[in-house]
Every structure is written in C-alpha cells, then in structure tokens.
Amino acid sequence: MAGIRPGEWVKGKVIGSGSHGNVHLAMEKSTGELFTVKYSQFKEANRSLHDEANFLESVDSPHVVRYLGRNGSLNRVNTSSIFMEYVSGGSLSDILQKFGGKLDEQVIRLYTKEILCGLKYIHEQGIVHCDIKCKNLLLGSSGNVKLADFGCAKRIKNTENNEKLANSCQDIGGTPLWMAPEVLRKEGLYFASDIWSLGCTVIEMATGKNPWSGQVSDPMATVLKIACSDEKPEFPTDFSEEGLDFLDKCLDRNPDRRWTAVELLDHPFVCQKLHKKIATSPSSVFDIGISEIGYDSDELESPFRDDFRGRNPFSSRHYFAESDFCSSEEWITVRSV
C-alpha cells in the first residue's frame with residue numbers, strides 16, 4: 001500500500017482504545033484494502049504517537065507491525081494519527097480469551113519463537129520495546145506474531161556493548177507486572193529488559209493470568225516485590241522441562257545473566273518439537289469438546305483499557321487501584337510524556 005492521503009480512505013469501527021486515543025479499522029477506497037489508524041487528540045499524547053511513528057518508520061521486518069504513514073504534527077493540538085497494517089488475528093490477549101483462557105504448550109512454543117525473531121530484529125536495530133506482553137503482540141492468520149505498540153520504546157546507542165540508555169531512567173515506561181526488576185529500580189534500560197518481559201508473557205500465555213498473579217495482593221507491595229526481592233513470578237506447574245528451563249533463562253534477576261534473543265532462539269523450547277504426546281485430529285465435531293474451548297463471536301471490537309502514564313513507579317503521585325492488578329485488560333501501562 002502506498003502513502004495514504006485524506007479522502008482516499010474511510011474510517012471504520014473502533015478495535016482498540018487507550019490513553020493515547022482510539023485505534024480504528026479503516027479501508028482504502030481505491031483497493032478495498034484494510035488497515036488500522038491510531039488517533040491522538042491531545043498534544044501531550046501526540047509526542048508518544050510521534051515517537052512511535054518514528055520507530056515504526058525506521059524498521060522493516062515481517063515480525064513488526066508495518067507502518068503505512070501518518071497525519072498531523074507533533075506541535076498541533078488537533079488530531080494526529082498513524083496508519084498501520086491490519087493484522088487479522090488481533091492481539092494474543094484476544095486469542096487467550098477466545099480459546100479458553102490459556103494456550104497449549106505446543107502453540108506457546110511457536111508463538112514464542114515468533115516473538116523472539118521480532119526481538120532479535122529490533123535489538124539489532126538498537127531498540128528496546130519496553131512493553132512486551134500479550135496485549136502488544138498481534139497474530140496473523142498463518143500463526144505469525146508481530147510486535148506492536150512502540151509507544152514506550154527506546155533506542156540504545158551502543159548496541160555492541162549492550163549499554164544501558166544513559167540519562168533516560170526518568171523516561172522509561174512499561175507495564176509494571178511485566179517490567180524487569182532493574183527497570184523498576186530505575187537502574188537503566190537493557191535489551192535484557194525485554195527478555196524478562198518475554199518470560200512474563202510466556203507465563204501469561206500458559207496460565208491466562210498476569211505474571212505474579214496471586215503472589216501478592218497489594219498493588220504497591222507487588223511492585224516492590226518485583227523490584228527488590230529475590231523472587232521470580234511463579235512458573236506454570238504443567239510445563240515441560242524445556243519450558244521451565246527457558247523461563248529460568250529469561251527470568252534471571254541479574255540482567256547480565258539473562259540469555260539474549262539470539263541465544264534463546266537456539267533453546268530446545270523453541271527449536272525442538274514438543275515431547276508430550278500430541279492428540280490426533282478429531283474424527284468428528286463431537287471429539288473437539290467445543291464447550292470447553294469457549295469460542296467468542298467474530299466481533300472485531302476489543303477495546304483496551306486506558307493506559308497509565310507516569311515516570312516513576314514509586315512516586316507518591318501515582319495511585320494504583322486493586323482492580324488494576326486483577327486482569328490483563330485492566331492492568332495499567334506506564335508511559336512517559
């Protein structure tokens with residue numbers, strides 16, 4: 001699709017929303033091709049949208065949502081927007097809801113390899129995503145996964161030495177339950193921070209719950225636990241040995257000891273077939289267990305909760321409601337402005 005100009009496309013229904021505005025399905029008039037448009041109607045949010053557009057414009061990978069163009073200006077108060085490809089499967093968070101709340105380990109292995117390919121690519125470009133979680137991972141119809149929502153992303157200058165981003169601790173954002181301990185302690189940003197978030201996302205796919213779910217009930221206590229304790233989020237009890245070892249490599253509290261995306265792509269969890277016995281194809285619809293799958297309707301709309309903006313997760317200016325810690329849909333996102 002070439003550049004998109006006003007008047008050549010029509011806006012459809014909302015398929016996502018957040019503190020930066022709404023995400024609409026859209027259609028190009030001349031071809032009928034579907035794409036998405038992400039809106040911002042506030043000057044403060046324009047900066048984050050502008051930064052996201054810059055990141056997407058600078059990358060070109062089948063593992064990252066494709067950038068199609070933008071409208072508006074950073075300094076204008078009225079609506080700004082960016083255009084992106086439409087990924088038909090929706091987010092992995094949507095998939096969890098449509099398929100019984102959690103995924104089979106064989107599927108998790110496939111999706112995790114796709115996510116790692118995306119992380120390997122952006123890390124090679126010197127970019128840290130900063131907000132890896134199921135909600136920000138989009139699924140194509142062929143099972144391919146694309147990284148999306150670069151509103152919190154940061155670029156690390158010295159990619160060879162994996163240096164933390166200098167003088168950026170106050171600007172780091174993300175979603176606390178998925179954030180690495182060193183990020184919450186405001187020690188800096190590393191490529192390894194995305195690897196910690198990946199481990200949390202694998203737990204999310206395997207359990208259908210937020211990482212750290214049930215370990216601490218008080219919101220601020222949870223944040224302090226992640227940042228300052230020696231603990232890790234609980235691993236899925238029914239995972240294979242390869243899966244547990246993979247999580248152990250991702251969720252080392254020392255970022256220097258975490259495996260890189262390149263190393264993890266060679267891990268048996270993603271490069272070997274599942275050792276568990278795989279069920280054969282059903283002989284009839286009665287073998288599938290439709291009532292257990294929990295299919296939802298094909299409704300496109302899947303509104304997101306408002307994102308949470310902030311710079312310091314320990315600041316007294318930020319308030320957390322208990323409901324914000326209960327589900328993936330209600331969990332907050334910390335963003336810099």
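In what follows, residues are counted from 1 in the order of the sequence shown. Nothing here was measured: the structure is a model prediction, and the numbers come from that model.
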Problem - Nearest non-hydrogen partners of Ile127 and Ala153, listed with the distance - result: CG2-CB, 4.2 Å

Practice task
Check the pair Cys250, Val202 against side chain to side chain contact (heavy atoms under 4.5 Å, CB included), reporting the backbone distance first and the verdict last.
Solution key: CA-CA 10 Å; Cys250 293; Val202 171; over 6 Å; no

Handout entry: Test: Lys249 and Glu263 ion pair at under 4.0 Å
Key = no

Handout entry: Side-chain ion pair, Asp149 and Lys133, N-O less than 4.0 Å
Key = no

Practice task
Determine whether Leu189 and Cys130 make a side-chain contact, defined as any pair of heavy atoms from C-beta on separated by less than 4.5 Å.
Solution key: yes

Practice task
Show your working on side chain to side chain contact (heavy atoms under 4.5 Å, CB included) between Tyr190 and Val128 and close with a plain yes or no.
Solution key: CA-CA 7 Å; Tyr190 305 80; Val128 184; over 6 Å; no

Problem - Heavy-atom donor-acceptor pair, Arg257 side chain to Asp252 backbone, under 3.5 Å - result: no

Exercise for the section: For Ile195 and Ala261, work out which heavy atoms get closest and say how close. Expected result: CD1-N, 3.9 Å

Handout entry: Modelled atom types, side-chain donor and acceptor of Asn54 and Arg70, under 3.5 Å
Key = yes

Fill in the blank from the handout: The residue among His123, Arg258, His129 that forms side chain to side chain donor-acceptor pair (under 3.5 Å) with Asp194 is His123

Handout entry: pair Pro236-Leu247: side-chain heavy atoms closer than 4.5 Å
Key = yes

Problem - Whether Asp218 side chain and Ala221 backbone form a donor-acceptor pair below 3.5 Å - result: yes

Problem - Test item: Ser91 side-chain N/O and Asn136 main-chain N/O as donor-acceptor pair under 3.5 Å - result: no

Fill in the blank from the handout: Tightest non-hydrogen contact, residues Ser193 and Ala180, listed as CA-CB, 4.1 Å

Exercise for the section: Search all heavy atoms of Val270 against all heavy atoms of Leu264 and return the closest pair with its distance. Expected result: CG2-O, 3.2 Å

Practice task
May I ask you to check whether Trp9 and Phe83 place their ring centers less than 6.0 Å from one another?
Solution key: yes

Practice task
Count the heavy atoms of every other residue, nucleotide or ligand shown that sit under 6.0 Å from NZ of Lys113, and state whether that count exceeds 12.
Solution key: no

Practice task
Verify the ring-centre separation between Phe150 and Tyr67: is it less than 6.0 angstrom?
Solution key: no

Handout entry: side-chain hydrogen bond (donor to acceptor under 3.5 Å, both in side chains) between Ser58 and Gln125, intermediate numbers included
Key = CA-CA 9 Å; Ser58 70; Gln125 310 306 308; over 6 Å; no

Problem - Expected output: side-chain Glu242 to main-chain Phe269 donor-acceptor under 3.5 Å - result: no

Practice task
Any chance you could measure Leu138, atom CG, to Ser93, atom OG, to the nearest 0.5 Å?
Solution key: 11.0 Å

Exercise for the section: Test salt bridge (charged side-chain N to carboxylate O under 4.0 Å, His left out) on Asp94 and Lys98 and set out the steps. Expected result: CA-CA 6 Å; Asp94 297 330; Lys98 291 178 181 293; over 6 Å; no

Exercise for the section: Find out whether Arg109 and Gln106 are in side-chain contact, i.e. whether some heavy atom of one side chain is under 4.5 Å from a heavy atom of the other. Expected result: no

Handout entry: Backbone of Lys209 reached by a side-chain donor or acceptor of Ser213 within 3.5 Å
Key = no

Handout entry: From Leu96 atom CG to Thr207 atom OG1, the distance as rounded to the nearest 0.5 Å
Key = 8.5 Å

Handout entry: Inter-residue atom distance His63.NE2 - Leu137.CG, 0.5 Å rounding
Key = 13.0 Å

Exercise for the section: Answer yes or no: is there a donor N or O on one side and an acceptor on the other, between the side chain of Tyr121 and the main chain of Asp60, under 3.5 Å? Expected result: yes

Exercise for the section: Using the ring of Tyr39 (Phe, Tyr or Trp, six-membered ring only), decide whether Lys11 places NZ or CZ under 6.0 Å from its centre and within 45 degrees of its axis. Expected result: yes

Exercise for the section: Would you name the heavy atoms of Glu182 and Arg253 that are closest together and state the gap between them? Expected result: OE1-O, 4.3 Å

Problem - Sidechain-backbone polar pair: His24 side chain, Gly12 backbone, donor-acceptor under 3.5 Å - result: yes

Practice task
Check whether any side-chain heavy atom of Leu103 sits under 4.5 Å from a side-chain heavy atom of Ile95, and report yes or no.
Solution key: yes

Practice task
Output, in order, the C-alpha distance, side-chain angles, deciding distance and verdict of side chain to side chain contact (heavy atoms under 4.5 Å, CB included) for Ser61 and Val64.
Solution key: CA-CA 5 Å; Ser61 168; Val64 178; 4.2 Å; yes

Handout entry: Check: Phe246 ring centre within less than 6.0 Å of His267 ring centre
Key = yes

Problem - Audit row: Lys146, Glu85, salt bridge (charged side-chain N to carboxylate O under 4.0 Å, His left out) steps and yes/no - result: CA-CA 11 Å; Lys146 294 175 180 276; Glu85 68 172 313; 3.2 Å; yes

Handout entry: Ile203: which of Phe239, Trp212, Phe235 passes side-chain contact (heavy atoms from CB on, under 4.5 Å)
Key = Phe235

Exercise for the section: Give, for atom OG1 of Thr201 and atom CG of Asp131, the distance between the pair rounded to the nearest 0.5 Å. Expected result: 9.0 Å

Fill in the blank from the handout: Output for pair (Met84 CE, Lys38 NZ), nearest 0.5 Å, gives 5.5 Å

Practice task
Go through the side-chain N and O atoms of Glu204 and Trp178 and say whether any donor and acceptor fall under 3.5 Å apart.
Solution key: yes

Exercise for the section: Answer with yes or no whether the hydrophobic clustering places Val262 together with Ile156; edges join I, L, V, M, F, W, Y residues whose side-chain heavy atoms lie under 4.5 Å apart. Expected result: no

Practice task
Could you check if a side-chain atom of Cys200 sits within less than 4.5 angstrom of a side-chain atom of Leu251, using non-hydrogen atoms only?
Solution key: yes

Practice task
Would you give the length of the straight line joining atom CE of Met179 to atom CH2 of Trp196, rounded to the nearest 0.5 angstrom?
Solution key: 12.0 Å

Problem - Heavy-atom side-chain contact between Ile115 and Leu198 under 4.5 Å - result: yes

Handout entry: Val87/Leu139 under side chain to side chain contact (heavy atoms under 4.5 Å, CB included): CA gap, chis, key distance, verdict
Key = CA-CA 6 Å; Val87 184; Leu139 180 68; 5.6 Å; no

Practice task
Would you mind reporting whether Ile132 and Leu147 have side-chain heavy atoms less than 4.5 Å apart?
Solution key: yes

Problem - Side-chain touch Lys225/Glu231, heavy atoms, less than 4.5 angstrom - result: yes

Practice task
Compare every heavy atom of Asn144 with every heavy atom of Ser142, then report the nearest pair and how far apart it is.
Solution key: OG-OD1, 2.9 Å

